[in-house]
Amino acid sequence: MHIIVNSSSMIPIYEQIMDQIKTAVLAGELKEGDGLPSVRGLSKDLKISALTVKKAYDNLEQDGFTVTVHGKGTFVAAVNPQLLREENQKDVEEDLERVIQKAGGCGMTQEELRSLFEIIMEGYYAENK
């Protein structure tokens, strides 16, 4: 797994690490039991504080994405289907919020946006039956 951080981003580095690992788990790139880089190793590779990596790993464990075995490392946890669905739904909600903000900024009314959404949705479901 290759993690990239952007130190000039407004998103904290630990969140960037978490987001990339979560994305890899949700996409199936990282599977249950796969080991993550050690805290020290990743901090050295990314040239960041080990505390930053530790915070990301702790939060991933708290969110149910990883498990840490003392002396062995941090591993991808078995993904709970409910957790997977909730994370995916959260991503969709965030995307929809961005779309609504963009539409509002362009002067689209709620009705115009609803109509456009229905047209696109109907086309998608017709193609993917």
Side-chain angles (χ1 to χ4, degrees):
M1 148 144 243
H2 187 68
I3 296 176
I4 300 170
V5 295
N6 180 354
S7 57
S8 62
S9 172
M10 296 298 291
I11 300 169
I13 291 174
Y14 79 94
E15 285 185 19
Q16 293 178 47
I17 294 168
M18 287 177 56
D19 289 345
Q20 289 178 57
I21 293 172
K22 281 183 178 182
T23 299
V25 170
L26 296 173
E29 295 168 21
L30 287 174
K31 300 190 182 333
E32 179 182 353
D34 286 350
L36 298 182
S38 70
V39 170
R40 285 186 190 175
L42 188 56
S43 67
K44 183 179 177 186
D45 289 347
L46 297 177
K47 296 177 177 53
I48 60 173
S49 167
L51 293 174
T52 302
V53 176
K54 174 104 172 77
K55 183 173 185 177
Y57 281 16
D58 287 347
N59 286 341
L60 285 166
E61 187 164 8
Q62 186 176 7
D63 291 348
F65 281 89
T66 62
V67 291
T68 301
V69 179
H70 186 69
K72 298 208 181 224
T74 301
F75 302 89
V76 175
V79 180
N80 175 339
Q82 178 74 17
L83 175 66
L84 182 63
R85 181 170 171 72
E86 286 177 22
E87 284 293 322
N88 285 331
Q89 185 172 338
K90 185 177 98 176
D91 288 345
V92 170
E93 288 171 6
E94 290 171 358
D95 289 345
L96 285 173
E97 285 179 13
R98 282 192 288 275
V99 168
I100 292 167
Q101 289 172 356
K102 186 171 186 174
C106 294
M108 289 180 75
T109 65
Q110 288 183 19
E111 191 53 44
E112 290 171 328
L113 183 57
R114 274 191 195 96
S115 294
L116 181 59
F117 180 77
E118 287 176 12
I119 291 168
I120 293 170
M121 190 169 61
E122 286 172 9
Y124 174 81
Y125 285 107
E127 291 175 7
N128 294 293
K129 279 188 175 182

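Values below: all heavy atoms of this structure, side chains included; hydrogens, waters and symmetry mates excluded.
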Between atom [atom1] of [X] and atom [atom2] of [Y], what is the distance when rounded to the nearest 0.5 Å?
X: H2; Y: E29; atom1: NE2; atom2: CD; answer: 12.5 Å
X: L60; Y: D19; atom1: CG; atom2: CG; answer: 9.0 Å
X: N59; Y: I17; atom1: CG; atom2: CD1; answer: 11.0 Å
X: E93; Y: E86; atom1: CD; atom2: CD; answer: 10.0 Å
X: T74; Y: K54; atom1: OG1; atom2: NZ; answer: 7.5 Å
X: T23; Y: D91; atom1: OG1; atom2: CG; answer: 7.0 Å

Inset, instruction - Report whether Y125 and V92 are members of the same hydrophobic cluster (ILVMFWY, side-chain heavy atoms less than 4.5 Å apart, transitive linking). - result: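 In one cluster: yes.
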Legend entry - Transitive ILVMFWY side-chain link L30 to V67, under 4.5 Å: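 No, no single cluster joins them.
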Heavy-atom closest contact ([X] atom, [Y] atom, distance):
X: E87; Y: L26; result: CB-CD1, 3.9 Å
X: E112; Y: G107; result: OE1-O, 4.1 Å
X: G35; Y: F75; result: CA-CD2, 3.6 Å
X: I48; Y: T52; result: CD1-CG2, 4.1 Å
X: L116; Y: M108; result: CD2-CE, 4.0 Å
X: A50; Y: V39; result: O-CG1, 3.3 Å

Legend entry - Donor-acceptor pair, side chain of S43 and main chain of S49, under 3.5 angstrom: no
Inset, instruction - Report yes or no: does E15 contribute a side-chain atom to a donor-acceptor pair with the main-chain N or O of P12 at less than 3.5 Å? - result: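 Side chain of E15 to backbone of P12: no pair is present.
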Does [X] [atom1] have over 12 foreign heavy atoms under 6.0 Å away?
X: I11; atom1: CD1; result: no
X: K22; atom1: NZ; result: yes
X: E94; atom1: CD; result: yes

Inset, instruction - Determine, for D58 against K55, whether the closest basic-nitrogen to carboxylate-oxygen distance falls under 4.0 angstrom. - result: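 Between K55 and D58 there is no salt bridge, as every charged N stays at least 4.0 Å from the carboxylate O atoms.
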With a 4.5 Å heavy-atom cut-off, do [X] and [Y] have their side chains touching?
X: L113; Y: V99; result: yes
X: L96; Y: F117; result: yes
X: M18; Y: D63; result: yes
X: P37; Y: Y57; result: yes

